[in-house]
A.B. asks: 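Once you've had a glance at the structure underneath, I'll fire off some questions.
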Amino acid sequence: MTLRQSAWLALVALFLSACSGEPKTGPVEIKWDRDGCAHCGMALSDRHFAAQVRGGAKHQAYKFDDIGCVVEWLKKQPWASDAATEIWVMDYRTEKWVDARKARYVGGKTSPMAYGFAAVAEEPGSIDFEELKKRVLAKENRQGTPP
C-alpha cells in the first residue's frame, strides 16, 4: 500500500467515525416522553430533573428521570468510580446540562421518582454531589429533607 493510499484510508476512517451518530462525550439528545429511565423505566418527561451518565467499556450514554435514580443505578456499576465516567444533570432553573459532580442540590422538590432533589448552580442551603449521594443511599424520606 502506498503512502497516498494509506493517507486516503485514514481520512475515510476519520470521516466515518465522525459520522457514526452518537457523540462519545457529553449528554445526548433526549426524546421526551419516549426515552425511558435506565433505572426505573419511567418515561423522561420532566426536563427539570433529567440526568445522564456516560460510562462503561463503550462510554455509552444512559438516561434517567431523577438524580436519585442515577445514584441508585451507579452503585451497581463496576465502572462508576472510573474517572472517565461522566454524570450530567439538568439545572432545575435553566434547563441546561451541567456536570453533576459540580452542581449543587436543593431538597424539597417534587421530582419524578420522589427523591426530591433538584440541581442548581448555587443556592444557600444547597448540598454537593457527595452529600446528595449519602442522602439518597441512606434512604431518607423521598422528599429530600432529613427525617
Side-chain angles (χ1 to χ4, degrees), residues 7 9-147:
L9 284 175
L11 183 61
V12 169
L14 180 64
F15 176 75
L16 290 176
S17 68
C19 296
S20 66
E22 184 178 302
K24 296 297 180 189
T25 188
V28 297
E29 179 184 358
I30 291 179
K31 294 176 185 86
W32 300 105
D33 299 316
R34 290 188 305 228
D35 286 342
C37 176
H39 179 66
C40 69
M42 184 171 154
L44 279 71
S45 58
D46 191 335
R47 288 164 169 77
H48 294 103
F49 297 97
Q52 293 188 38
V53 172
R54 184 181 281 283
K58 295 182 180 180
H59 211 56
Q60 180 178 342
Y62 301 90
K63 302 170 187 176
F64 300 87
D65 62 338
D66 194 307
I67 190 64
C69 285
V70 170
V71 172
E72 295 279 355
W73 183 82
L74 273 176
K75 74 180 182 183
K76 300 172 187 163
Q77 307 309 314
W79 44 264
S81 61
D82 185 332
T85 300
E86 299 174 30
I87 308 169
W88 298 91
V89 66
M90 192 70 73
D91 183 296
Y92 181 77
R93 292 188 183 103
T94 66
E95 293 184 16
K96 293 186 182 198
W97 292 110
V98 294
D99 182 330
R101 292 180 182 104
K102 295 177 181 173
R104 303 291 297 177
Y105 299 87
V106 292
K109 303 296 182 184
T110 304
S111 66
M113 292 309 294
Y115 286 97
F117 292 99
V120 293
E122 185 65 44
E123 185 170 312
S126 61
I127 59 174
D128 66 13
F129 186 67
E130 291 304 313
E131 182 62 24
L132 168 81
K133 289 191 322 188
K134 288 179 194 172
R135 292 186 186 191
V136 168
L137 294 175
K139 303 221 185 283
E140 290 185 84
N141 72 36
R142 303 273 317 261
Q143 290 302 316
T145 55

A.B. asks: If you look only at distance, which donor and acceptor atoms sit under 3.5 Å apart when one is on a side chain in residues 36-52 and the other is two or more places apart or in another chain?
C.D. replies:
unit_1, atom_1, unit_2, atom_2, d
D46, OD1, H48, N, 3.0
D46, OD1, H48, ND1, 3.1
H48, NE2, E95, OE2, 3.3
Q52, OE1, V28, N, 2.8
Q52, NE2, V28, O, 2.8

A.B. asks: Could I get the full list of side-chain contact (heavy atoms from CB on, under 4.5 Å) partners for E29, not counting sequence neighbours?
C.D. replies: none
A.B. asks: Mind checking what makes side-chain contact (heavy atoms from CB on, under 4.5 Å) contact with K31, not counting sequence neighbours?
C.D. replies: R34, D35
A.B. asks: Short question: side chain of R54, backbone of H59 - any donor-acceptor pair under 3.5 Å?
C.D. replies: yes
A.B. asks: For the atom pair OH (Y92) and CD1 (I67), what is the distance rounded to the nearest 0.5 Å?
C.D. replies: 15.0 Å
A.B. asks: What residues form a side-chain contact (heavy atoms from CB on, under 4.5 Å) with T94, not counting sequence neighbours?
C.D. replies: D91, K96
A.B. asks: Tell me every residue that passes side-chain hydrogen bond (donor to acceptor under 3.5 Å, both in side chains) with D82, counting only those two or more places apart in sequence or in another chain.
C.D. replies: none
A.B. asks: Answer whether the closest heavy-atom distance between the side chains of E131 and D128 falls below 4.5 Å.
C.D. replies: yes
A.B. asks: Check salt bridge (charged side-chain N to carboxylate O under 4.0 Å, His left out) between R93 and all other residues, then give those that pass, not counting sequence neighbours.
C.D. replies: E123
A.B. asks: For K75, enumerate each residue passing the side-chain hydrogen bond (donor to acceptor under 3.5 Å, both in side chains) test, keeping only those at least two apart in sequence or located in another chain.
C.D. replies: E72
A.B. asks: Check whether any side-chain heavy atom of F117 lies under 4.5 Å from a side-chain heavy atom of I127, and answer yes or no.
C.D. replies: yes
A.B. asks: Compare every heavy atom of G26 with every heavy atom of W88, then report the nearest pair and how far apart it is.
C.D. replies: NE1-CA, 3.6 Å
A.B. asks: Would you please name every residue forming a salt bridge (charged side-chain N to carboxylate O under 4.0 Å, His left out) with E130, sequence neighbours left out?
C.D. replies: K133
A.B. asks: Which residues pass the side-chain hydrogen bond (donor to acceptor under 3.5 Å, both in side chains) test with D65, sequence neighbours left out?
C.D. replies: none
A.B. asks: Which residues pass the side-chain hydrogen bond (donor to acceptor under 3.5 Å, both in side chains) test with Y62, sequence neighbours left out?
C.D. replies: Q60
A.B. asks: Please enumerate all residues that pass side-chain contact (heavy atoms from CB on, under 4.5 Å) together with R101, with sequence neighbours excluded.
C.D. replies: T85, I87, D99, F129
A.B. asks: Can you name the closest pair of heavy atoms from A100 and V89 and give their distance?
C.D. replies: CA-CG1, 3.8 Å
A.B. asks: Do V70 and Y115 pass the side-chain contact (heavy atoms from CB on, under 4.5 Å) test, and can you show the C-alpha distance, the side-chain angles, and the key distance before you say yes or no?
C.D. replies: CA-CA 11 Å; V70 170; Y115 286 97; over 6 Å; no
A.B. asks: Looking only at non-hydrogen atoms, find the nearest pair between C69 and M113 and report the distance.
C.D. replies: SG-CG, 3.7 Å
